[in-house]
Amino acid sequence: MKIKQRLEALGLWAKRTIGTLYYLTIHPETPKLAKVVAIIALAYALSPIDLVPDFIPILGYLDDLVILPLLVGLAIKLVPQKLFQVCEAEAREHPVSLKKQWGATVFIILFWLVIIGLILKTILAGFGG
């Protein structure tokens with residue numbers, strides 16, 4: 001398989017997986033822990049901010065290749081197989097358009113602001129403030 005075909009296949013997998021995770025987060029039968037993990041996975045996948053910036057050689061992309069699959073795998077393991085199949089079918093029938101998801105954009109920004117706030121609070125508490 002050529003590199004271009006592999007990248008296209010990876011892109012298709014990512015798009016379907018993001019759609020499946022989205023449908024898992026809104027399905028009423030999804031366990032709460034699975035919803036939380038799926039939301040974190042979606043926020044990490046769609047966020048322009050990485051834990052390790054991409055400009056750092058090797059490590060910058062390695063975190064995307066390790067953290068994201070682990071989060072996705074955990075989210076999938078936390079839901080019943082039948083529910084996952086239902087959400088996967090929903091994602092295939094009704095693909096999620098990322099261009100129209102302003103709510104997701106706002107959520108990602110708020111998510112990172114909370115994380116930054118918690119880090120700053122921890123740092124300031126360390127200085128006795």
Side-chain angles (χ1 to χ4, degrees):
M1 187 181 253
K2 293 182 179 180
I3 292 176
K4 182 180 178 186
Q5 292 170 326
R6 286 184 183 176
L7 290 175
E8 287 173 353
L10 182 62
L12 181 60
W13 173 84
K15 188 173 181 180
R16 283 189 181 152
T17 301
I18 287 171
T20 301
L21 289 177
Y22 169 75
Y23 284 109
L24 280 172
T25 64
I26 63 172
H27 198 284
E29 294 178 26
T30 303
K32 289 183 183 184
L33 182 58
K35 281 186 182 189
V36 170
V37 173
I39 288 170
I40 291 170
L42 284 171
Y44 191 80
L46 300 175
S47 175
I49 301 170
D50 285 340
L51 292 177
V52 180
D54 290 339
F55 64 81
I56 297 175
I58 300 172
L59 292 177
Y61 292 105
L62 190 60
D63 76 321
D64 292 333
L65 295 173
V66 173
I67 295 172
L68 191 56
L70 287 175
L71 287 171
V72 170
L74 180 60
I76 291 169
K77 287 204 178 281
L78 291 172
V79 297
Q81 184 65 26
K82 182 71 174 166
L83 178 59
F84 176 77
Q85 291 170 348
V86 166
C87 292
E88 190 176 41
E90 185 74 18
R92 267 185 296 211
E93 291 176 29
H94 306 286
V96 176
S97 173
L98 299 177
K99 294 176 186 173
K100 299 177 186 175
Q101 299 298 325
W102 286 102
T105 303
V106 170
F107 174 79
I108 290 168
I109 291 169
L110 290 175
F111 174 81
W112 283 113
L113 287 174
V114 167
I115 296 296
I116 291 168
L118 290 173
I119 291 170
L120 289 175
K121 181 179 177 183
T122 303
I123 290 171
L124 292 175
F127 287 118

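Taking both residues in full, the closest heavy atoms of Leu71 and Val37 are given as O-CG1, 3.5 Å, listed atom of the first, atom of the second, then distance. When every heavy atom of Gly19 is checked against every heavy atom of Ala91, the shortest pair comes out as C-CB, 3.6 Å. Closest non-hydrogen pair, Thr20 versus Phe84, comes out as CG2-CE1, 3.5 Å.
No side-chain heavy atom of Leu78 sits under 4.5 Å from any side-chain heavy atom of Pro31. By the 4.5 Å heavy-atom criterion applied to side chains, Glu88 and Arg16 are not counted as neighbours. In this structure, the side chains of Thr30 and Thr25 stay at 4.5 Å or more apart for every pair of heavy atoms.
Lys35 places a side-chain N or O within 3.5 Å of a backbone atom of His27 that can act as its donor or acceptor partner. Remark: the backbone N or O of His94 is paired with a side-chain donor or acceptor of Tyr23 at under 3.5 angstrom.
Once rounded to the nearest 0.5 Å, the distance linking CD of Glu29 with SG of Cys87 reads 9.0 Å.
Linking ILVMFWY side-chain heavy atoms closer than 4.5 Å, directly or via other members, places Ile123 and Ile115 in a single hydrophobic cluster. Note: the hydrophobic cluster containing Ile119 also contains Ile40 (ILVMFWY, side chain heavy atoms under 4.5 Å, direct or indirect links). The hydrophobic clustering, which links ILVMFWY residues whose side-chain heavy atoms are closer than 4.5 Å, places Val86 and Ile76 apart.
Considering Val72, Leu21, Leu24 in turn, Leu21 is the only one that fulfils the side chain to side chain contact (heavy atoms under 4.5 Å, CB included) rule with Leu42.
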